[in-house]
Amino acid sequence: MSWLDDLQKKLPEAQMHILNDAKSPSGVPHVGSLRGILAHDAPYRFLKEKGVPVKYIYGSDDYDPLDEIPGGQSAEVYEKYLGVPLCNVPAPPGSAHKDIAMHYISDFFKIFEEIGVDAEKYYMRDIYRNGTFNEAIDIVLKNVEKIRKIYYDVSHSERSPHWYPFQAVCDKCGRIGTTEVIDYDGKEVTYICKEDLVKWAKGCGHTGKKSPFDGNGKMPFKVEWASKWKYLGVTIEGAGSDHNTKGGSRDVASAICSQVFGQRPPTNIPYSFFILGGAKMSSSKGIGASARAMTNFLPPEILRFLMLNSKPKSEVNFEPTEKYIVKLFNDFDKLHDKVLNNQELEEYEKLVYELSQVHYKEKYFTVEFSLILTLVQLPHIDIYKEVAKRKGSELTEIEKENINQRIKAAKFWLENFATEEEKMYLQAKMPKDAEEKLDNVQRAFLHKVATYIENINWTEEDLQKAVFAAVRTTPIQQANAFTAFYKVLLNKDKGPKAGNLLAYLDKQFIIERFTELKYDNLKYYIESATELAEIEEWLNKEADKISTISTHKEIIENNYFLDINVTLKDEKSFIKRLHINDVDTEKTFEEIRKKIFTK
RNA sequence: GCGCCCGUAGCUCAGUCGGUAGAGCAGCUCCCUUUUAAGGAGAUGGUCGUAGGUUCGAUUCCUACCGGGCGCACCA
């Protein structure tokens, strides 16, 4: 059982269900609008899948007045348009569109295509102008007392005694936000374009009389909302928590819908906001929180997954941290991999996965986002080749496209959200952390790598081999060796494949960096020595594979060490080290040698 | 003031119509090694915010309270 099943149960009988959502195109749409789009798209797809006749319509509320200077636009240019219907406000210079409403909404509608939302678009300017709302306007004007009472009863908001639920477009100045209707004779309204009706716009003072129909004006938001439900036949419409509060606009519209139009209000889908790093993303705060920025960042199926993986009523608390983003991709990939491997999905997993899909119908291989994030930061790396290697075969076009999207996401994240610490930087100087934390064995290991790579071909493969050879011939734990390796180069404990990393760096630089940290030779020998028993155990285990064994005696400041050099049949060499404290050292050496060679 | 959401393992969270709790990451123990932003195996870890109530049985339903987040109360 999902929230969608619950929703379906609540639906009234209808020949065709119509889902509606709308946006006022008064600025760059903020990312939160995507939640609304998908909160409607989910039931749309769900019902369609179940064979229920259903349509999803999405409106541009472009007959709303401009009520603030759009973010990023010049106040000088737009101040005089405050109060004017958005569809009559000119677009910013350079725009491909005539009016500002189209300017903003057209890119927003493009996003619909990108994230696979199949909604039928409509524009309020058309709805008003073509007379769809004429009947509603007449009813509303005649029921002014009833509506006034609803406003008061539901939201405790008192309208002036002259108030009518309608705003005419002023014949003189073209504003709609500043006019107050004072009379309706059944055919025409009398209005005054007031200077002080609202704080954000100034009317021209004109008094006029005109028909309220065919685009001559609009109903206020809450009344208009109810009219949409009635005259566009809306049966399902959600709303964000800003409208959904008790006594809020949704309640007012519902009351008008049922009491004035005699129609059951649509089934609600209450949804919460999409929050960025703990703060509501607002359109006025600019591009950073825009829907466009988010779609430029996340691949469409990830974005859908992000919005649909939780119930609509719970907030999505998006954080652009590495941990959060990587987990987001991984959570999606987990479902994706289950499908790829023909594993059974839980019912809700299946639902979420299907709702997240955009257009891929066939199976495709994908790689962890964290790997892409690493590879993107290494120049000269053929990411497609690396992915193909992991897949084990050539990449399909879909897979290449998928990787492209992930590369784009990784780059976007690195540019916009990554902290300096999260970025992988080649350290210009020896990191302090390396100086403080690396022990003598680790330092000695780095020196050894330096000698090993001095005279080899500077290729990924040879470098990789050389690093591992150095690991084996230093009595060191492999994990410690690699920690040292990444620490001096990147100031991190882990990193990309050693050979890859070295291959694109300068040899001289590497050698200097690896030999920069000095170490105490005696301490190195002492710290890297192991117990005889341990060595014996190891030799026993590898006995079948051993090709040759030799030993080397080392005396440092009266400390005796025995290096046991073992070469396996596959030509890998290992060095194990023994620290000998016995009184009769020479004798002990001989005994141990005998012991070892007899194996 | 009113409304909604959340409070579950160290961290981030699942737990979708009641049957004494799960995942990922981190930590721990081992294994693997020219696959180190890797893989594999295992153990550990929670009086499910608090207090009541309904029930044979509550993380789940109800009530109150505490703590956190968001929204509304003018306009959309």
Side-chain angles (χ1 to χ4, degrees), chain A residues 1-6 9 22-24 26 32 61 64-68 86 154-158 177 197-201 218 220-222 224-225 239-253 270-275 278-280 309-317 319 321-324 326-328 330-331 334 346-349 351-352 367-378 386 389-390 422 424 460-472 477-483 485-486 490 492-501 570-572 574:
Chain A
M1 291 295 286
S2 67
W3 65 274
L4 291 165
D5 289 291
D6 290 337
K9 277 189 200 153
K23 169 103 191 70
S24 193
S26 57
D61 287 338
D64 290 357
L66 182 75
D67 62 0
E68 62 177 354
L86 291 164
V154 177
S155 71
H156 302 288
S157 100
E158 231 169 316
L197 184 74
V198 290
K199 287 179 203 150
W200 40 270
K218 77 183 287 289
F221 168 62
K222 293 169 199 179
E224 181 181 282
W225 204 1
S241 46
D242 49 347
H243 298 303
N244 256 324
T245 198
K246 193 182 175 191
S249 42
R250 170 90 199 190
D251 281 358
V252 173
Y271 59 88
S272 287
F273 283 118
F274 183 90
I275 303 206
K280 184 190 167 190
N309 188 30
S310 51
K311 281 173 270 187
K313 265 201 165 185
S314 30
E315 272 165 14
V316 175
N317 213 331
E319 285 175 49
T321 58
E322 181 172 19
K323 206 179 154 192
Y324 186 96
V326 167
K327 185 173 190 296
L328 175 64
N330 285 349
D331 285 348
K334 206 186 292 166
E346 302 281 335
E347 200 182 330
Y348 72 91
E349 287 180 332
L351 182 69
V352 170
V367 284
E368 310 93 85
F369 186 64
S370 58
L371 179 68
I372 299 284
L373 211 45
T374 304
L375 297 180
V376 157
Q377 294 181 78
L378 292 176
E386 289 297 320
K389 226 189 271 173
R390 286 175 192 245
E422 285 167 330
M424 188 175 70
E460 280 179 27
E461 271 184 41
D462 287 3
L463 286 163
Q464 181 78 359
K465 282 182 194 170
V467 172
F468 273 89
V471 173
R472 285 190 301 268
Q477 292 243 313
Q478 185 163 319
N480 292 342
F482 278 99
T483 304
F485 180 90
Y486 294 113
L490 307 172
K492 295 187 181 284
D493 292 337
K494 287 179 176 178
K497 197 169 165 184
N500 284 347
L501 183 58
D570 58 9
E571 296 186 345
K572 284 185 205 164
F574 293 82

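Computed from heavy atoms alone, side chains included, the values below leave out hydrogens, waters and symmetry copies. The chains referred to below are lettered A, B, ... by the order of the sequence lines, with proteins before strands, and numbering in each begins at 1.
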Legend entry - Test item: Phe482(A) and Val467(A) side chains (from C-beta on) under 4.5 Å apart, heavy atoms: yes
Legend entry - Nearest-Å distance for atom pair CG/P, residues Asn309(A) and rA23(B): 17 Å
Legend entry - Of the listed nucleotides rU36(B), rA23(B), rC75(B), the one nearest the side chain of Phe468(A): rU36(B)
Legend entry - Side chain of Lys465(A) (C-beta onward), nearest among rU34(B), rC70(B), rU36(B): rU34(B)
Legend entry - side chain to side chain contact (heavy atoms under 4.5 Å, CB included) between Tyr486(A) and Leu501(A), worked out: CA-CA 9 Å; Tyr486(A) 294 113; Leu501(A) 183 58; 4.1 Å; yes
Inset, instruction - Using a heavy-atom cut-off of under 4.0 Å over every strand shown, decide if His156(A) touches base, sugar-phosphate, or nothing. - result: nothing
Legend entry - Distance, rounded to the nearest Å, where Asp242(A) contributes CG and rA76(B) contributes P: 13 Å
Inset, instruction - When you get a sec, tell me which of rU36(B), rG24(B), rU34(B) is the closest nucleotide to the side chain of Lys572(A)? - result: rU34(B)
Inset, instruction - Would you please confirm or rule out a distance under 4.0 Å between OP1 or OP2 of rU36(B) and any side-chain N or O of Gln464(A)? - result: yes
Legend entry - Atom pair CD (Gln478(A)) and CZ (Phe485(A)), whose distance is rounded to the nearest 0.5 Å: 12.0 Å
Inset, instruction - Indicate, with a heavy-atom threshold strictly under 4.0 Å, whether Pro220(A) touches base, sugar-phosphate, or nothing. - result: sugar-phosphate
Inset, instruction - Determine, for Lys327(A) against Asp331(A), whether the closest basic-nitrogen to carboxylate-oxygen distance falls under 4.0 angstrom. - result: yes
Legend entry - Donor-acceptor pair under 3.5 Å, Ser370(A) side chain vs rA37(B) base: no
Legend entry - 5'-most by nearest nucleotide on RNA chain B - Lys497(A) or Ser310(A): Ser310(A)
Legend entry - Under 3.5 Å donor-acceptor pair, Thr245(A) side-chain atoms to rG71(B) base atoms: yes
Legend entry - Between P of rA76(B) and NE2 of His243(A), the distance in whole Å: 11 Å
Inset, instruction - Tell me what Ser272(A) touches on the nucleic acid: a base, only sugar-phosphate, or nothing, going by heavy atoms under 4.0 Å. - result: nothing
Inset, instruction - Would you kindly give the CD-to-P distance between Glu460(A) and rU36(B), to the nearest whole Å? - result: 12 Å
Inset, instruction - Calculate the interatomic distance between Phe485(A) atom CZ and rU36(B) atom P; express it in whole Å. - result: 11 Å
Legend entry - Closest non-hydrogen atom pair between Leu4(A) and Leu351(A), with its separation: CD1-CD2, 4.0 Å
Legend entry - Between C1' of rG15(B) and CH2 of Trp3(A), the distance in whole Å: 19 Å
Inset, instruction - Rounded to whole angstrom, note down the P distance from rG7(B) over to rA43(B). - result: 29 Å
Inset, instruction - Quick one: closest heavy-atom pair of Ser241(A) and Ser272(A), and the distance? - result: OG-CA, 4.2 Å
Legend entry - Heavy-atom check, side chain of Lys218(A) versus side chain of Asp64(A), under 4.5 Å: yes
Inset, instruction - Quote, to the nearest angstrom, the P distance that separates rU44(B) from rC2(B). - result: 48 Å
Inset, instruction - Identify whether any heavy atom of Lys313(A) sits under 4.0 Å from a base atom; if not, whether one sits that close to sugar-phosphate; answer base, sugar-phosphate or nothing. - result: sugar-phosphate
Inset, instruction - Determine the contact category for Lys492(A): base if any of its heavy atoms lies under 4.0 Å from a base atom, sugar-phosphate if only primed atoms, P, OP1 or OP2 are that close, otherwise nothing. - result: base
Inset, instruction - For rG49(B) and rA9(B), measure between their P atoms and round to the nearest Å. - result: 9 Å
Legend entry - Spacing between Leu351(A) atom CG and rG15(B) atom P, to the nearest angstrom: 13 Å
Inset, instruction - Check Val316(A) against Ser310(A) and note the closest heavy-atom contact, atom names and distance. - result: CG2-OG, 3.6 Å
Inset, instruction - Rounded to whole angstrom, note down the P distance from rG1(B) over to rA64(B). - result: 15 Å
Inset, instruction - Evaluate the side-chain proximity of Asp242(A) to Phe273(A): yes if any heavy-atom separation is below 4.5 Å, no if none is. - result: yes
Inset, instruction - With side chain to side chain contact (heavy atoms under 4.5 Å, CB included) as the test, would you mind laying out the steps for Asp251(A) and Ser155(A) before giving the verdict? - result: CA-CA 8 Å; Asp251(A) 281 358; Ser155(A) 71; over 6 Å; no
Inset, instruction - Check RNA chain B for consecutive Watson-Crick or G-U pairs with both distances under 3.5 Å and list the runs of at least three as stems. - result: B:1-7 with B:66-72, B:10-13 with B:22-25, B:28-31 with B:39-42, B:49-53 with B:61-65
Legend entry - Sugar-phosphate only, base, or nothing, as touched by Asn244(A) at under 4.0 Å among non-hydrogen atoms: nothing
Inset, instruction - Measure from the side chain of Tyr486(A), starting at C-beta and using heavy atoms only, and say which of rC72(B), rC70(B), rU36(B) lies closest. - result: rU36(B)
Inset, instruction - Could you give the distance separating rG39(B) and rG68(B) at their P atoms, to the nearest angstrom? - result: 40 Å
Legend entry - His243(A) side chain near Trp225(A) side chain, heavy-atom distance below 4.5 Å: yes
Inset, instruction - Please report, rounded to the nearest Å, how far the C1' atom of rC31(B) is from the CD atom of Gln478(A). - result: 13 Å
Legend entry - Donor-acceptor contact below 3.5 Å, side chain Thr374(A) vs main chain Ser370(A): yes
Nucleotide N/O of nucleotides 8-13 of chain B paired with protein N/O under 3.5 Å:
{"residue": "rC11(B)", "atom": "O2'", "partner": "Lys323(A)", "partner atom": "NZ", "Å": "3.3"}

Inset, instruction - Could you tell me whether the side chain of Asp67(A) reaches within less than 4.5 Å of the side chain of Val198(A), counting heavy atoms only? - result: no
Legend entry - Shortest side-chain distance from Lys334(A), nucleotide among rA76(B), rG24(B), rC75(B): rG24(B)
Inset, instruction - Identify the two heavy atoms, one from Pro270(A) and one from Lys313(A), that lie closest to each other, and give their separation to 0.1 Å. - result: O-CG, 3.5 Å
Inset, instruction - Name the residue closer to the 5' end of RNA chain B, choosing between Lys246(A) and Glu224(A) according to the nucleotide with the nearest heavy atom. - result: Lys246(A)
Legend entry - Integer angstrom distance from the P of rA26(B) to that of rA41(B): 15 Å
Legend entry - Rounded P spacing from rG67(B) to rC61(B) in Å: 23 Å
Inset, instruction - Answer yes or no: does a side-chain N or O of Arg472(A) lie under 4.0 Å from OP1 or OP2 of rU34(B)? - result: yes
Inset, instruction - Give the B/S/- string for nucleotides 60-65 of chain B, one per nucleotide from 5' to 3', where a protein heavy atom under 4.0 Å of the base yields B, of only the sugar-phosphate yields S, and otherwise -. - result: ------
Inset, instruction - In whole angstrom, give me the gap between the C1' atoms of rG24(B) and rA14(B). - result: 10 Å
Inset, instruction - Using a 4.5 Å cut-off on heavy atoms from C-beta on, say whether the side chain of Ser24(A) contacts that of Phe221(A). - result: no
